[in-house]
Amino acid sequence: MPRPDADAYDFAAIQEKWLPVWEELELFRAGREGDTRPRKYVLDMFPYPSGDLHMGHAEAFGFGDISARYWRHQGFDVLHPIGWDSFGLPAENAAIKRGADPREWTYSNIAQQKRSFRQYAPSFDWSRELHTSDPEYYKWNQWLFLKLYEQGIAYRKAGQVNWCPNDQTVLANEQVVDGHCERCGAVVTKKALTQWYFRVTDYADRLLDDLNQLEGTWPSKVVSMQRNWIGRSSGADVEFEIEGRDERVTVFTTRPDTLYGATFMVVAVDSPLAAELAAGASTEVQRNFEGYLDSVRAESDIDRLATDRPKTGVFLERYAVNPLNGERLPIWASDYVLADYGHGAIMAVPAHDQRDLDFARAFELPVRVVVDTNAPVTGVIPVIPTDADGNAIEPDDLPPLDPASTGVALTGEGRLINSGPLDGLSKSNAIRRAIEILDERGTGRAAKNFRLRDWLISRQRFWGTPIPIIHCADCGEVPVPESELPVRLPDAAGLDLKPKGTSPLGAAEAWVNVTCPNCGGAAKRDSDTMDTFVDSSWYYLRYLNANDDTRAFDPAEAEKWAPVDQYVGGVEHAILHLLYSRFITKVLFDLGYLRFTEPFTSLLNQGMVLMDGSKMSKSKGNLVEFASELAAHGTDALRVTLAFAGPPEDDIDWADVSPVGSAKFLARAWRIAHDVTSAPEVDWSTGDRALRRASHRLLADAPGLAESYKFNVIVARLMELVNLTRKAIDQGPGPADAAVREAAEVTAMVLDLFAPFTAEDMWQRLGYEPSVALVPWRKADPALLVEDQVTAIVQVDGKVRDRLEVSPKVSGEELERLARDSAAVARAIGEREIVNVIVRAPKLVNIATRG
RNA sequence: GCCCCCAUAGCCCAACCGGCAGAGGCAGGCGGCUUAAACCCGCUCAAGUCUGGGUUCGAAUCCCAGUGGGGGCACCA
């Protein structure tokens with residue numbers, strides 16, 4: 001039937017109608033004076049203002065908004081803020097290209113994205129909006145830096161750092177992916193520079209151990225990625241005397257039990273130790289060493305990362321002394337030992353370490369077995385292999401302990417041999433005992449090492465937070481006094497922002513030349529800026545007092561709102577941002593500003609939006625544009641489509657979903673509100689029972705579904721309810737029935753999670769004032785959740801043979817009797833003997849027979 | 001090389017503690033409305049849960065092995 005225009009669902013008109021009303025009401029301002037509701041903090045990872053919103057934003061912010069709206073409907077005062085991660089390289093690159101100010105590019109992008117956000121209608125508290133590129137924000141970034149500096153957590157050191165030749169800046173370890181720059185993809189090289197670091201390794205143990213708290217509320221994938229990244233290994237530091245050198249050399253090993261099997265020592269070719277040892281050797285060795293070092297330096301990181309490459313190295317003609325047995329160990333330099341892990345030197349035990357074995361075989365160095373991996377170990381049940389006839393294969397067929405000829409290192413369990421006092425001990429006992437012996441002799445101790453490196457935070461860029469340090473020839477590093485913060489960025493006008501390997505800030509003469517706050521002499525500002533991950537490491541706290549210019553945040557507000565209850569964002573930050581935030585949170589805890597140690601109580605990673613199975617990109621021509629989808633289908637249909645597509649953490653292929661289908665569903669729901677003819681005062685209890693039960697089942701199930709992120713299932717359940725309501729109107733009790741109104745109201749309340757415009761319009765149509773977003777969900781009536789009749793299944797030998805309509809309160813005996821009386825069941829049993837009857841009243845009877 | 005996750009109608013996905021494989025959608029089919037088509041409305045179709053074993057009265061669900069797909073770490077001593 002063609003419908004008159006007044007009855008047509010027009011998403012554009014509904015959006016136009018409600019946006020100004022909502023803005024006027026400021027519905028989502030959190031923390032109002034006198035609000036006594038319990039609180040929730042729901043946070044989306046803040047966006048980088050790259051141009052306009054895209055489908056990825058639509059998905060992530062959609063899920064965040066579902067969560068925020070859900071908690072409001074549960075009666076919470078919800079803090080759901082938004083801001084902009086607005087420092088960073090793209091602004092600078094755009095500025096270089098167009099000769100403009102990065103500021104201008106950034107803030108006009110923000111304005112554009114805000115316009116799109118307005119249409120998309122997430123329930124943000126806009127009064128707390130922040131921009132990390134505002135001096136009002138980065139002032140506190142500098143404050144944070146100074147706090148870390150006071151604690152010795154921020155420090156400067158020289159070293160070989162990751163260098164992106166394209167962006168002309170250094171990178172943190174976390175920003176190098178497979179040897180490539182995480183941002184631009186260029187091959188990363190090494191450069192010797194003095195840079196600022198944060199001592200994240202001091203927190204490595206806590207960062208690792210506290211992951212246990214997040215188990216279950218963070219995606220297990222993220223937890224395991226962080227564990228891998230931190231990479232703790234425990235063992236011992238062992239000190240070796242070096243002939244012709246006063247100081248001992250310390251090496252880290254996870255296998256101190258194999259000390260008697262050490263046959264040589266290897267130092268990282270690019271370490272200062274290698275250079276020093278070579279310098280003390282013959283000129284020929286020095287020449288070899290220099291040649292080798294040059295060849296290693298010429299190799300890219302990519303080559304170095306390749307596995308299975310042959311071992312290379314040079315003998316330094318120097319010797320170390322094994323602290324346990326006094327043996328002389330030749331010292332080699334090689335690139336398979338890393339200068340910045342452990343102590344840049346290792347004891348090589350070729351029999352029990354594959355890398356050492358490969359090296360030993362390449363240079364014909366001795367291999368000595370000290371763990372008998374064929375010996376049975378207590379607590380390990382020996383597996384006795386059998387041959388084809390089932391006869392046990394005799395132990396003399398065990399593989400020989402000969403790694404030198406097999407080429408396979410013996411890394412398994414076993415018992416120590418050829419190891420003096422350790423002989424006969426199992427691997428783990430020998431490790432313990434070896435550490436004791438080292439301790440007693442003062443030549444070693446238990447030690448831990450981490451894969452995690454300190455966080456390099458300096459960047460040779462313009463568009464970032466200036467590091468608040470002044471370099472004075474007489475006083476050295478002098479922190480800018482807190483009262484002089486912020487150290488503002490100079491005007492970009494007149495500055496050459498082109499990458500040239502040093503910060504563009506260094507050329508801003510008037511800015512960089514200052515007087516030393518300490519001695520008043522001539523001094524220079526540090527011209528580097530901070531990694532933008534510093535900005536985002538604590539932004540969740542700034543939202544609590546976004547407009548307070550007297551402090552970074554108020555610990556009392558943190559006490560009220562933080563940590564974040566629900567964090568939503570992409571898995572691409574599994575290590576980077578999330579690790580840094582966890583670290584800074586722990587630092588602020590130690591400084592007494594916070595009373596919790598983990599920033600994000602639970603985390604949801606949304607999947608990606610794909611098109612035809614692959615990532616969308618302009619070059620592939622498979623781009624689905626947010627703006628055009630929004631214009632074509634409207635905000636609500638877009639949001640419903642994304643929520644309904646599947647579990648939020650799964651990728652969504654746009655080819656598999658139907659925004660048109662979502663729009664149809666919304667129109668159906670909306671029309672129901674128009675069909676309702678009863679008044680809001682109608683007595684629910686008079687309504688159709690079957691429809692009422694459906695409404696109350698949804699009320700009962702929706703909270704559990706929402707809290708386990710099963711948004712797609714809630715949408716499906718809404719569709720089910722809408723279908724049932726339609727049927728009740730057309731073919732059942734009719735539009736005047738109280739249950740129809742009740743179902744329509746429940747639909748509006750739950751639909752608000754996904755389709756706020758449609759829900760609001762339904763709500764008004766049903767006779768209520770805005771906003772449905774603030775209405776607490778009703779509690780399900782338990783009386784409506786129990787069925788009058790349930791279907792019990794009767795199985796014979798696990799196969800369904802009959803169904804019985806019974807009362808939900810039926811007794812086991814009664815149900816069994818009914819089942820035995822069934823003709824279908826009797827037929828299925830036939831002549832066979834019944835051996836067992838399992839009764840699970842009221843749902844099931846299973847009759848097991850013999851044969 | 002090591003570790004982790006996933007596999008259900010043509011497609012996207014549900015299925016509580018192991019208890020009727022189906023909630024919902026897309027696509028398809030039939031019908032109604034329409035001069036006609038679209039929209040809309042109604043009805044309908046479809047898999048035995050990747051393969052092979054095991055545990056169990058009973059397995060999509062638990063265990064083992066394999067296949068296929070996705071991800072993380074990888075010369076870290």
Side-chain angles (χ1 to χ4, degrees), chain A residues 1-3 8-9 178 219-229 231-233 235-236 238 251-255 258 266 268 304-309 311 334-338 340-349 352-356 358-359 449-453 571 574-575 640-641 644-647 649-653 655-658 660-662 664-665 667-668 671 697 701 704-705 708 710 712-723 726-727 730-731 791-803 834-840 843-849:
Chain A
M1 202 182 11
R3 293 178 174 275
Y9 173 77
D178 288 334
S220 55
K221 180 180 165 170
V222 175
V223 172
S224 80
M225 282 171 76
Q226 292 224 355
R227 286 203 178 108
N228 276 336
W229 190 261
R232 177 165 61 198
S233 52
V238 184
V251 305
F252 173 72
T253 177
T254 55
R255 295 294 303 275
T258 61
V266 185
R304 239 194 121 157
L305 284 171
T307 49
D308 288 347
R309 54 199 284 275
K311 292 281 182 286
S334 175
D335 65 351
Y336 86 92
V337 171
L338 306 177
D340 58 353
Y341 183 79
H343 307 283
I346 62 152
M347 63 176 216
V349 185
H352 305 288
D353 181 283
Q354 191 60 47
R355 296 152 302 188
D356 296 345
D358 294 342
F359 192 85
N449 247 299
F450 298 91
R451 221 189 64 93
L452 181 72
R453 304 297 147 85
V571 72
I575 294 168
V640 166
T641 302
F644 182 54
E649 54 278 0
D650 287 6
D651 289 346
I652 297 170
D653 194 328
D656 292 333
V657 299
S658 168
V660 173
S662 303
K664 280 189 205 172
F665 156 65
R668 274 164 71 79
R671 255 183 265 117
R697 268 203 311 272
D701 294 347
L705 290 167
S708 51
K710 295 188 175 180
N712 55 326
V713 180
I714 301 181
V715 175
R717 295 287 303 272
L718 275 168
M719 290 173 170
E720 192 182 4
L721 182 60
V722 166
N723 289 346
R726 180 81 261 152
K727 240 173 225 165
D730 293 346
Q731 298 154 34
T791 307
I793 301 305
V794 186
Q795 299 175 327
V796 177
D797 294 325
K799 293 203 174 59
V800 179
R801 297 301 182 189
D802 201 6
R803 283 145 222 265
I834 295 172
V835 292
N836 196 7
V837 181
I838 294 96
V839 182
R840 294 281 180 275
K843 294 179 77 175
L844 170 126
V845 178
N846 188 15
I847 298 169
T849 67

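Below, chain A is the first sequence line, B the second, and so on; all start at residue 1.
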Inset, instruction - Answer yes or no: does a side-chain N or O of A/R801 lie under 4.0 Å from OP1 or OP2 of B/rC20? - result: no

Legend entry - Under the side chain to side chain contact (heavy atoms under 4.5 Å, CB included) test, residues paired with A/T254 that sit two or more places apart: A/S233, A/F252

Inset, instruction - Check the pair A/V794, A/R803 against side chain to side chain contact (heavy atoms under 4.5 Å, CB included), reporting the backbone distance first and the verdict last. - result: CA-CA 6 Å; A/V794 186; A/R803 283 145 222 265; over 6 Å; no

Legend entry - Contacts of type salt bridge (charged side-chain N to carboxylate O under 4.0 Å, His left out), residue A/R801, not counting sequence neighbours: none

Inset, instruction - Please work out if A/K311 contacts a base, only the sugar-phosphate, or nothing of the nucleic acid, heavy-atom cut-off 4.0 Å. - result: base

Inset, instruction - List in chain and number order the residues that pass salt bridge (charged side-chain N to carboxylate O under 4.0 Å, His left out) with A/R697, two or more places apart in sequence or in another chain; answer none if no residue qualifies. - result: A/E787

Inset, instruction - Using modelled atom types only, decide if a donor and an acceptor are shared between the side chain of A/D353 and the backbone of A/A348 within a distance under 3.5 Å. - result: no

Inset, instruction - Could I get the full list of side chain to side chain contact (heavy atoms under 4.5 Å, CB included) partners for A/Q354, not counting sequence neighbours? - result: A/L357, A/D358, A/V408, A/A409

Inset, instruction - May I ask you to verify if any side-chain N or O of A/N712 is less than 4.0 angstrom from the OP1 or OP2 atom of B/rA14? - result: yes

Distance-only donor-acceptor pairs under 3.5 Å for side chains of residues 219-226 of chain A, two or more places apart:
| from | atom 1 | to | atom 2 | distance (Å) |
| --- | --- | --- | --- | --- |
| A/S224 | OG | A/K221 | O | 3.2 |
| A/Q226 | OE1 | A/R582 | NH1 | 2.7 |
| A/Q226 | NE2 | A/A574 | O | 2.8 |

Inset, instruction - Using the test salt bridge (charged side-chain N to carboxylate O under 4.0 Å, His left out), find all partners of A/R227 that sit at least two apart in sequence or belong to another chain. - result: A/E215

Each nucleotide N or O in nucleotides 1-10 of chain B that has a protein N or O under 3.5 Å away: list the pair and distance.
none

Inset, instruction - Would you mind telling me which of B/rC73, B/rC43, B/rG42 lies closest to the side-chain atoms of A/W229? - result: B/rC73

Inset, instruction - Describe the nucleic acid contact of A/R803 in one word from base, sugar-phosphate, nothing, applying a heavy-atom distance below 4.0 Å. - result: base

Inset, instruction - Using salt bridge (charged side-chain N to carboxylate O under 4.0 Å, His left out) as the criterion, list what pairs up with A/R717, not counting sequence neighbours. - result: A/D701, A/E720

Inset, instruction - Name the nucleic acid region contacted by A/R232, choosing base, sugar-phosphate or nothing; use a 4.0 angstrom heavy-atom cut-off, strictly under. - result: nothing

Which atoms of nucleotides 15-18 of chain B (N or O only) lie under 3.5 Å from a protein N or O atom, and what are those distances?
| from | atom 1 | to | atom 2 | distance (Å) |
| --- | --- | --- | --- | --- |
| B/rA15 | OP1 | A/K710 | NZ | 2.9 |

Inset, instruction - Give A/N723 one of three labels, base, sugar-phosphate or nothing, depending on what nucleic acid heavy atoms sit under 4.0 Å from its own. - result: sugar-phosphate

Inset, instruction - Could you pull out all residues at least two apart from A/F644 that satisfy side chain to side chain contact (heavy atoms under 4.5 Å, CB included)? - result: A/V715, A/A716, A/M719

Legend entry - Letter per nucleotide, 5' to 3', of nucleotides 50-60 of chain B [B base touched, S only sugar-phosphate touched, - untouched; heavy atoms, 4.0 Å]: -------BS--

Inset, instruction - Could you pull out all residues at least two apart from A/S662 that satisfy side chain to side chain contact (heavy atoms under 4.5 Å, CB included)? - result: A/A637, A/V640, A/T641

